[in-house]
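The structure appears right after this line, and notes come after that.
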Amino acid sequence: RLVAMNEGVGEDGGFIVPPDFREGIMKVVEGEDSLLSRTDSSTTARNSVTHPKDETTPWGTAGIRAYWEGEAQAASASGGKFQGDTLRLNKLFARVDVTDELLEDAPQLDNYLRVKAPEVMTSVINDAIIRGNGVGKPLGILNSPALVSVSDETSQPADTVHHRNIVAMWARMYAPCRSKAVWLINQDVEPSLHLMSFKDKDTNPVPVYLPAGTIAGQPYATIYGRPVIPVQSASTVGDVGDVILADLSKYRTLTKAGGTRVDTSIHLKFDTDETVFRFIFRLAGAPWWSAPITPKNSANTLSPFVAIATRS
């Protein structure tokens, strides 16, 4: 049977929910280190929401158009072109069994509660936003048809990240999205970034990567002025997703109104004198874009989500 968290073994010390635990979880999950807080997020009292969206481009041939017309000429008609996209909430569930003896020590476990439980939830949500397959969980960036993967360089060694890869990624990020974009990286990429520079003619090498604190008050390292954020869900170096350039405001999330639901039961395991806690957080997510766009005067597609192809 499932062994309850108890006071007998230190590493099995369970935790209870103090009166402000629900609020504490949401504060950290939506905090600075959470990707959820960077998304286009909304709440709902229902189990699904249909978003109308317009995927036409101003330079395309569909949707609302504008024309140059001569004097006394009839104006050419056009109209909007919309489609509906439905998000359905998925359930993130955690269960914790605690002996009633341990419940008496709740004040001593307060710090553990406030750090460990939100840390686990943040990790699971971040992983879904980056890698989710859309089955019972959000559709992640790496599995989205909107993702653009730039090719590796000719004769580029396996498991490396080069300056030209970074340049190519920046060039494929849709320009209006650059001001909100972030670089999500595997921390193993950092040594390559610290040594990355370029040289223009006879000038001294210019660094590509600026570590945190290089500019006063800058909490993140930056590339092209955008934050570089190491995340555990980034891929192994050399695989697609080891470096991701993403405008997460183009990733929509939907959460259940009321936030995290916390329930307790003394009846489920009454015979063993244990209290069962369950935590339920309902979340849906997917990129707004269903595909990259083609620019007016180029064949190179653009997207809010860009990665590097596998280097093997």
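Computed over heavy atoms, backbone and side chain alike; hydrogens, waters and symmetry mates excluded.
Among Ile244, Asn143, Ile125, the one residue that satisfies the side chain to side chain contact (heavy atoms under 4.5 Å, CB included) test with Ile130 is Ile244.
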Item to check | From CA spacing to verdict: side chain to side chain contact (heavy atoms under 4.5 Å, CB included), Asn165, Val243 | outcome: CA-CA 10 Å; Asn165 302 139; Val243 180; over 6 Å; no
Next on the checklist: Between Ile141 and Leu248, does the side chain to side chain contact (heavy atoms under 4.5 Å, CB included) criterion hold? Intermediate values first, please.
Outcome noted: CA-CA 9 Å; Ile141 292 169; Leu248 289 170; 3.7 Å; yes
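Taken together through direct or relayed side-chain contacts under 4.5 Å among Ile, Leu, Val, Met, Phe, Trp and Tyr, Ile185 and Met169 form part of one hydrophobic cluster. Residues Val228 and Val167 fall within the same hydrophobic cluster, defined by Ile, Leu, Val, Met, Phe, Trp and Tyr side chains chained together at heavy-atom separations under 4.5 Å. In this structure, Leu139 is not a member of the same hydrophobic cluster as Leu184, with clusters built from ILVMFWY side-chain heavy atoms closer than 4.5 Å. When hydrophobic clusters are built by joining Ile, Leu, Val, Met, Phe, Trp and Tyr residues whose side-chain heavy atoms come closer than 4.5 Å, directly or via intermediates, Leu87 is not grouped with Trp288. Residues Leu36 and Tyr220 share a single hydrophobic cluster, defined by chaining ILVMFWY side chains whose heavy atoms lie under 4.5 Å apart.
Note that CG of Leu254 is 4.5 Å distant from CG of Leu89, once rounded to the nearest 0.5 Å. In this structure, the separation between OG1 on Thr39 and CG on Leu283 is 8.0 Å, given to the nearest 0.5 Å. The CD1 atom of Ile293 sits 6.5 Å away from the OG1 atom of Thr57 when rounded to the nearest 0.5 Å. Asp159 contributes atom CG, which lies 10.0 Å from atom OG1 of Thr310 (distance to the nearest 0.5 angstrom). Distance check, rounded to the nearest 0.5 Å: CE of Met196 to CG of Leu193 gives 5.0 Å. Interatomic distance, CH2 of Trp289 versus CD of Glu55, reported as 9.0 Å (0.5 Å rounding).
Shortest non-hydrogen contact noted between Arg65 and Pro58 is NH2-O, 2.6 Å. Nearest heavy atom pair, residue Pro145 against residue Pro292, reads O-CD, 3.3 Å. Nearest heavy atom pair, residue Pro230 against residue Glu190, reads CG-OE2, 3.7 Å. Among all heavy-atom pairs drawn from Ser151 and Ala309, the shortest one is CA-CB, 4.2 Å. Of all non-hydrogen atoms in Gly285 and Tyr251, the two that sit nearest each other are C-OH, 3.3 Å. The nearest pair of heavy atoms linking Val208 to Ser197 is CG2-CA, 3.8 Å.
Counting only residues at least two apart or in different chains, side chain to side chain donor-acceptor pair (under 3.5 Å) contacts with residues 226-249 comprise Asp127-Ser233, Arg131-Ser235, Asp242-Arg311, Asp247-Ser249. For the side chain to side chain donor-acceptor pair (under 3.5 Å) condition, the pairs that include at least one residue of residues 172-186, sequence neighbours left out, are Arg172-Thr301.
Other residues, nucleotides and ligands contribute only 12 or fewer heavy atoms inside 6.0 Å of the CZ atom of Arg164. The environment of Phe93 atom CZ is dense: over 12 non-hydrogen atoms of other residues, nucleotides or ligands sit within 6.0 angstrom. Counting non-hydrogen atoms of neighbouring residues, nucleotides and ligands closer than 6.0 angstrom, the NZ atom of Lys137 reaches no more than 12 such neighbours.
Under the 3.5 Å distance criterion, the side-chain polar atoms of Ser298 are left unmatched by any main-chain donor or acceptor of Pro295. Looking at Asn126, its side chain does come within 3.5 Å of a backbone N or O of Leu35 through a donor-acceptor pair. Judged by distance alone, with hydrogens and angles left aside, the side-chain atoms of Ser303 form a donor-acceptor pair with the main-chain N or O of Ala146 at under 3.5 Å.
A donor-acceptor contact closer than 3.5 angstrom links the side chains of Thr86 and Thr50. A side-chain donor from one of Thr253 and Ser41 sits under 3.5 Å from a side-chain acceptor of the other.
Side-chain atoms of Ile308 and Gln156, non-hydrogen and from C-beta on, never get closer than 4.5 Å to each other. Residues Val148 and Leu302 are not in side-chain contact: their nearest non-hydrogen atoms beyond the backbone lie 4.5 Å or more apart. When side chains are defined from C-beta on, Arg252 counts as touching Asp85, because their heavy atoms get closer than 4.5 Å.
Relative ring orientation between Tyr224 and Trp170 is described as parallel, the plane-to-plane angle staying below 30° on a 0-90° scale split at 30° and 60°.
By the side chain to side chain donor-acceptor pair (under 3.5 Å) test, Thr44 pairs with no residue at all, sequence neighbours left out.
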